[in-house]
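A short write-up of the structure that comes next.
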Amino acid sequence: MAPDLVLERALAGDRDALNALCEREWQPVYYLVYRHVQNREEAQDLTQEVFARALRSIGRYRVTETPFQGYLATIARNLLRDLWKRRRPLSRDIDDEPDLASPLPGPEAISMMSHEREDIQRRLAALPDDYQQVLRLRILERRSSEDVSRIMRRTPDAVRQLQRRALLALRASMEEVIRT
Amino acid sequence: MSEHDRHQRSDHDLELELDRAIDALNDERRPDLTLEPADELWSALEAAMALRSVMTSAEPAAGFPRDLAASLVTDLPRRSPNGRVRASHAARPVPGRSQRLHSTFLPMTQAIGACAVAGMLAGFVIGGGGSRLAMRVAGGLFTREHPGVTVITESSDRPVGDISWAGTIDLMMQGMAYGLIGGLFFFIARRWLPRSTRAAGLAYGLLLFLIAGAAIISAGNQDFERIGSPALNVLMFGSLFILFGLAVAPLSAAIGRLAAPSRGRAGIARRAFGWLLAVAGVFGLGVTALTVIGAGMVPVVAAITVGEEPPTLEQAAAMITLAAVACALPLIRLLGGAAEAGLLGVSRLGASRVDAAGRWALRIGLVGGASLIVVQILTILNVI
């Protein structure tokens, strides 16, 4: 494997090289993590944790002789696995995530993600109308519950109750697929 | 409350919690769950996250790669003297909040304790003993140049050359007290000093001289001009700051190493020493805070009650700048540590910004302090 000069210079304490390394590698890690945590703040923190772990265990990376991107991807998957173990079993398997050998997802990964998206949209469309409406307004359009309560002409408490039921219904629909 | 009401209440709490979590996700924040993570709450939240995944991922904050690089500087592997990267430790799972609290604040208070003890030792020997030696040299020069002349010193109200054990011990105790403050300030500034212990010590000595030098080397103290050589006096007392820095850096590192965990009986002793250091750290911080507040209050109270001359505008500006920096730096340092451990709900990238704020506070303190000491030295040397 050809030596990664940017990485070597970053490890030697060259700040410019460290900047270049982060600039080169952050995207695949950030977007992988974002897909699982679905918020910018946590995705940024976890991306940083992935890089920090990679730098702290750089000795082990050298033995594996994999590209640095692959090494980062492995750490990201392990980190997400640890994170979800502390929460609850994840409906989506982290090991099924597209590989991060390249900075951008390949055709197979894009097709898999697009299939997943279509599947979720199909399941959303199969929910009762008021469930669909509350989820579209509250989650896809990111409106506040007060806004949603005005649009749907329900009290905020009623919207929150509807939202919970709608999400549990969507979740149950997703679990059916996992069981089958 | 009936069973039905309780059930209703818990459903209502869960719905509110879920609603807040969705608000957080909509604002691209981490949902901070306060309820026990009940299965139902997680199920609903996971469904919300799955639904969000049909949308395009949010871009990170502007300048994210640069902030990421800045926050990683301390994670670069250390190298052994032969230039090889030292054996690394395995990646650990993300610790829980109480674990983070334990793994952050105990080492932090231990590090504060190590710096406080190192500062007191260095202050006792270098601050106290060193200044006694410098006074002896200045007094010796004076009595050689002016045989038979008796002059009462301003600092101790005793004749020049009259050295007593009580006076020396008093000086060393004062050195220890100043050393405590110097040690604590070293803990605060260490983050922004060079990595190597020796270079950090030298840099800290210079920093301390520029920031706090005017507290000792003062044109208001006539002894600097009339006893011995003014230039030699400035050099001797100025070098004490550098020597203090050079001593406190390796001493604090050595004391900190004594508390490093190990196995067996030595491990128990080290753990006990670690706790003692942590107590010393908290105690040192408390004493210093009270001293600083007291020292700040005395001139104010004196000016009001005794009717003493209030400070000039320049003096007041310099005092306010230094006081602001003295208050801001520990706060920034502690906030930075807590943020890094994720204890404040602030991201580690936020910690890098806190870090940058600390660096700026230090620069402001440096400029304010340096302008004071330069004026003092030029006045003592009769240049202005």
Side-chain angles (χ1 to χ4, degrees), chain A residues 10-11 13 15 18-19 21-23 26 30-31 34-45 47-49 51-53 55-60 75 78-79 82-83 85-88 90-92 116-117 120-121 124 135 138-140 142 144-145 157 160-161 163-164 167-168 170-171 174, chain B residues 11-12 14-16 18-19 22-31 37 39-40 42-55 57-61 64-77 79 85-94 96 195 342 347-349:
Chain A
L11 291 176
R15 291 287 293 268
L18 187 61
N19 282 337
L21 184 75
C22 291
E23 194 73 56
W26 72 269
Y30 173 82
Y31 289 113
Y34 188 95
R35 267 171 60 72
H36 286 272
V37 295
Q38 286 297 323
N39 71 88
R40 179 194 293 134
E41 185 190 43
E42 203 170 2
Q44 289 188 168
D45 279 1
T47 303
Q48 200 232 339
E49 186 60 31
F51 275 81
R53 286 186 183 196
L55 291 180
R56 287 200 296 258
S57 60
I58 200 71
R60 271 194 299 164
I75 292 174
N78 289 338
L79 186 66
D82 288 342
L83 184 77
K85 253 188 225 162
R86 285 190 294 120
R87 293 179 179 176
R88 49 175 280 123
L90 181 67
S91 53
R92 202 165 39 200
E116 259 183 37
R117 282 177 188 164
I120 291 168
Q121 274 168 336
L124 177 67
L135 294 183
R138 187 79 177 96
I139 294 172
L140 299 181
R142 301 178 185 214
S144 67
S145 13
D157 275 350
R160 281 191 275 268
Q161 196 177 45
Q163 166 181 275
R164 170 186 160 213
L167 283 171
L168 289 175
L170 181 66
R171 165 81 195 199
M174 284 156 62
Chain B
D11 276 357
H12 182 69
L14 194 141
E15 280 153 12
L16 278 175
L18 178 62
D19 200 50
I22 291 171
D23 276 340
L25 290 176
N26 285 349
D27 291 345
E28 297 296 338
R29 286 183 288 111
R30 180 200 319 261
D39 272 4
E40 195 178 316
W42 271 116
S43 294
L45 197 55
E46 268 195 320
M49 286 158 82
L51 187 55
R52 277 175 60 89
S53 71
V54 305
M55 302 188 291
S57 304
E59 291 291 321
F64 171 68
R66 195 193 57 235
D67 288 347
L68 176 65
S71 67
L72 289 170
V73 171
T74 52
D75 291 304
L76 286 174
R79 285 167 185 270
V85 173
R86 280 184 181 150
S88 57
H89 50 274
R92 290 158 293 180
V94 180
R195 275 193 183 194
S347 68
R348 289 190 68 184
L349 291 165

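Reminder, nothing fancy here: chain letters follow the sequence lines and each chain counts from 1.
In this structure, the separation between CG on B/Leu68 and CH2 on A/Trp26 is 9.5 Å, given to the nearest 0.5 Å. How far CG of A/Leu18 is from CZ of B/Arg66: 13.0 Å, rounded to the nearest 0.5 Å. To the nearest 0.5 Å, the span separating CG on A/Leu55 from CG on B/Leu72 amounts to 5.5 Å. Rounded to the nearest 0.5 angstrom, B/Leu16 CG and A/Asp157 CG are separated by 7.0 Å. Interatomic distance, CG of A/Leu170 versus OG of B/Ser43, reported as 11.5 Å (0.5 Å rounding).
A distance-only check finds a donor-acceptor pair linking the side chain of A/Arg40 to the backbone of B/Glu59 [under 3.5 Å]. Using a distance-only test at 3.5 Å, with no hydrogens or angles considered, a donor-acceptor pair links the side chain of A/Arg117 to the main chain of B/Ser53. Of the possible polar contacts, one joining the A/Asn39 side chain to the B/Arg30 backbone as a donor-acceptor pair under 3.5 Å is found. In terms of modelled atom types and a separation under 3.5 Å, the side chain of A/Arg171 and the main chain of B/Ala47 share no donor-acceptor contact. Listed for the A/Gln161 side chain is no donor-acceptor partner under 3.5 Å among the backbone atoms of B/Glu15.
For A/Leu135, the parts lying near chain B are the backbone and the side chain together; criterion is any non-hydrogen pair under 4.5 Å. Residue contact with chain B, scored on non-hydrogen atoms closer than 4.5 Å, involves the backbone and the side chain of A/Arg138 alike. Both the backbone and the side chain of A/Ile139 come within contact range of chain B, with heavy atoms under 4.5 Å apart.
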(request) Under the side chain to side chain contact (heavy atoms under 4.5 Å, CB included) rule, what do B/Glu28 and A/Tyr34 come out as? Steps first, then yes or no, please. (result) CA-CA 10 Å; B/Glu28 297 296 338; A/Tyr34 188 95; 2.8 Å; yes
(request) Give the C-alpha distance, both sets of side-chain angles, the deciding distance and a yes or no for side chain to side chain contact (heavy atoms under 4.5 Å, CB included) between B/Leu14 and A/Arg160. (result) CA-CA 10 Å; B/Leu14 194 141; A/Arg160 281 191 275 268; over 6 Å; no
(request) Dump the intermediate steps for side chain to side chain contact (heavy atoms under 4.5 Å, CB included) on B/Glu46 and A/Met174, then the final yes or no. (result) CA-CA 10 Å; B/Glu46 268 195 320; A/Met174 284 156 62; over 6 Å; no
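Between chain A and the residues B/Ile22, B/Asn26, B/Asp27, the most heavy-atom pairs under 4.5 angstrom are made by B/Asn26. For the set A/Asn19, A/Leu167, A/Leu140, A/Leu21, the count of heavy-atom pairs under 4.5 angstrom toward chain B peaks at A/Leu167.
Using a 30° and 60° split on the angle between ring planes, B/Phe64 and A/Tyr30 fall in the tilted class, from 30° to 60°.
Ion pairing between a basic and an acidic side chain is recognised when a charged N comes within 4.0 Å of a carboxylate O; A/Arg142 and B/Asp23 show no such pairing. Salt bridge absent: B/Asp19 and A/Arg164 never bring a charged side-chain N and a carboxylate O closer than 4.0 Å.
Here the shortest heavy-atom pairing between A/Cys22 and B/Pro65 reads CB-O, 3.7 Å. Closest approach of A/Tyr31 to B/Ala58, counting heavy atoms only: CE2-O, 4.3 Å. Minimum interatomic distance between B/Ser71 and A/Gln48 (heavy atoms only, all atoms of both residues): OG-NE2, 2.9 Å.
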